[in-house]
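The structure appears below as structure tokens.
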Amino acid sequence: MPLNFIRFKHARFSARFPDTFRYSRSHYWMSKVEGEENLWRVGFTKFATRMLGELVDCEWKPAEGGPVAPGDNIGWVEGFKAASDVYCVMNGAFAGGNPHLKVDACIVRSDPYEQGWLYSVRGEPEEESLDVHGYIALLSATIQRMAEEGHGEEGAAEE
């Protein structure tokens, strides 16, 4: 099923966000996998990929089927701009990392909402997850705060 997007623009940052996804306050998205019971994919939002730059590598800590909970440090990603720990935004059982990332980790930035997912979990999103409109409100406030703190170009991104 094709994704429907909500357009967002604030100052010099513009992006599109799938309207049926859930979002975390830490800039991850969560999407139910069609045809799979309680299987969700998780990835970075366009805002998060802008902050990290192109990814070059990643690693996952949990074993497949192992329990995960919101806030758990479940791995790391390394980009040209930064390295970052990856935290879980789901309750359930770890279902694995995206195998395509070992071949082409740049897909996280070039196709963040379909092929560029990070990991999957059988379970449910964290309780505090937001719908697309809640995430856009959070993102707008975040970019405004960054601008006030003098981060300028860091908030600029292409679609």
Q.
Testing Ile6, Asp131, Leu130 one by one against Ile136 for a side chain to side chain contact (heavy atoms under 4.5 Å, CB included), which residue passes?
A. Ile6

(Q) Measuring from atom CE of Met146 to atom NE2 of His10, what distance do you get when rounded to the nearest 0.5 angstrom? (A) 11.0 Å

Q) Is the CD atom of Glu127 crowded by more than 12 outside heavy atoms at less than 6.0 Å? A) no

Q.
So Val89 and Val42, do their side chains get closer than 4.5 Å, heavy atoms only?
A. yes

Q: Under the side chain to side chain contact (heavy atoms under 4.5 Å, CB included) rule, collect the residues that match up with Glu36, sequence neighbours excluded.
A: Val33, Leu39, Arg122

Q | Minimal non-hydrogen separation, Asn91 against Pro70, with atom names | A | OD1-CD, 2.9 Å

**Q.** Euclidean distance, Ser31 OG relative to Leu3 CG, rounded to 0.5 Å
**A.** 7.0 Å

Q.
Asn38 vs Lys32, test: side-chain contact (heavy atoms from CB on, under 4.5 Å). Steps then yes/no.
A. CA-CA 7 Å; Asn38 288 336; Lys32 198 158 178 36; 3.8 Å; yes

(Q) Could you report the tightest heavy-atom contact between Leu52 and Ser84, atom names first, then the distance? (A) CD2-CB, 3.8 Å

(Q) So Val132 and Phe5, do their side chains get closer than 4.5 Å, heavy atoms only? (A) no

Q | CA sep, side-chain torsions, deciding dist, call: Ser24, Glu126, side-chain contact (heavy atoms from CB on, under 4.5 Å) | A | CA-CA 8 Å; Ser24 76; Glu126 64 186 8; 3.2 Å; yes

Q) Does any N or O in the side chain of Trp40 come within less than 3.5 Å of the main-chain N or O of Gly123, such that one atom is a donor and the other an acceptor? A) yes

Q: Report yes if the side chains of Asn4 and Thr20 come closer than 4.5 Å at any heavy-atom pair, otherwise no.
A: no

Q. Taking the six-membered ring for Trp, are His27 and Tyr135 parallel (under 30°), tilted (30 to 60°) or perpendicular (over 60°)?
A. perpendicular

Q) Should the heavy atoms of other residues, nucleotides or ligands under 6.0 Å from CD of Glu37 be counted, would the total exceed 12? A) no

Q. Minimum heavy-atom separation for Cys88 to Ala69, with atom names?
A. CB-O, 3.3 Å

Q.
Test ring pair (Phe, Tyr, Trp, His ring centres under 6.0 Å) on Trp29 and Tyr23; report intermediate values, then the result.
A. CA-CA 4 Å; Trp29 56 261; Tyr23 297 87; 8.1 Å; no

Q) Are any of the side-chain heavy atoms of Lys9 and Phe13 separated by less than 4.5 Å? A) no

Q) Side chains of Glu54 and Val108: closer than 4.5 Å at any heavy-atom pair? A) no

Q.
For Phe44, run the ring-ring contact (aromatic ring centres under 6.0 Å, His included) check against Tyr28, Tyr113, Tyr119 and tell me which one passes.
A. Tyr28

Q.
side-chain contact (heavy atoms from CB on, under 4.5 Å) for Leu55 and Leu101? Distances and angles first, verdict last.
A. CA-CA 9 Å; Leu55 294 188; Leu101 300 186; 5.8 Å; no

Q: Could you check if a side-chain atom of Leu138 sits within less than 4.5 angstrom of a side-chain atom of Phe47, using non-hydrogen atoms only?
A: no

Q: Would you name the heavy atoms of Ala93 and Gly65 that are closest together and state the gap between them?
A: CB-O, 3.7 Å

Q: Kindly give the cluster partners of Val56, where membership spreads through any ILVMFWY side chain lying under 4.5 Å from a current member.
A: Phe80

Q. Rounded to the nearest 0.5 Å, how far apart are OG1 of Thr49 and CD1 of Ile107?
A. 12.5 Å

Q. Is there a donor-acceptor pair under 3.5 Å between the side chain of Lys46 and the backbone N or O of Arg109?
A. yes

Q) Is Met30 close to Met90 at the side-chain level, that is, under 4.5 Å between some pair of heavy atoms? A) yes

**Q.** Residues Lys102 and Asp57 bridged, charged N to O under 4.0 Å
**A.** yes

Q) Would you find a donor on one side and an acceptor on the other, under 3.5 Å apart, between the side chain of Ser129 and the backbone of Pro125? A) no

Q: Answer yes or no: is there a donor N or O on one side and an acceptor on the other, between the side chain of Asn98 and the main chain of Trp117, under 3.5 Å?
A: yes

Q. Is a side-chain donor or acceptor of Asp85 paired with a backbone partner of Tyr87 at a separation under 3.5 angstrom?
A. no

**Q.** side-chain contact (heavy atoms from CB on, under 4.5 Å) between Asn73 and Val86, intermediate numbers included
**A.** CA-CA 6 Å; Asn73 179 329; Val86 175; 5.9 Å; no

(Q) Using a strict threshold of under 4.0 Å (side-chain N to carboxylate O), is an ion pair present between Arg22 and Glu124? (A) no

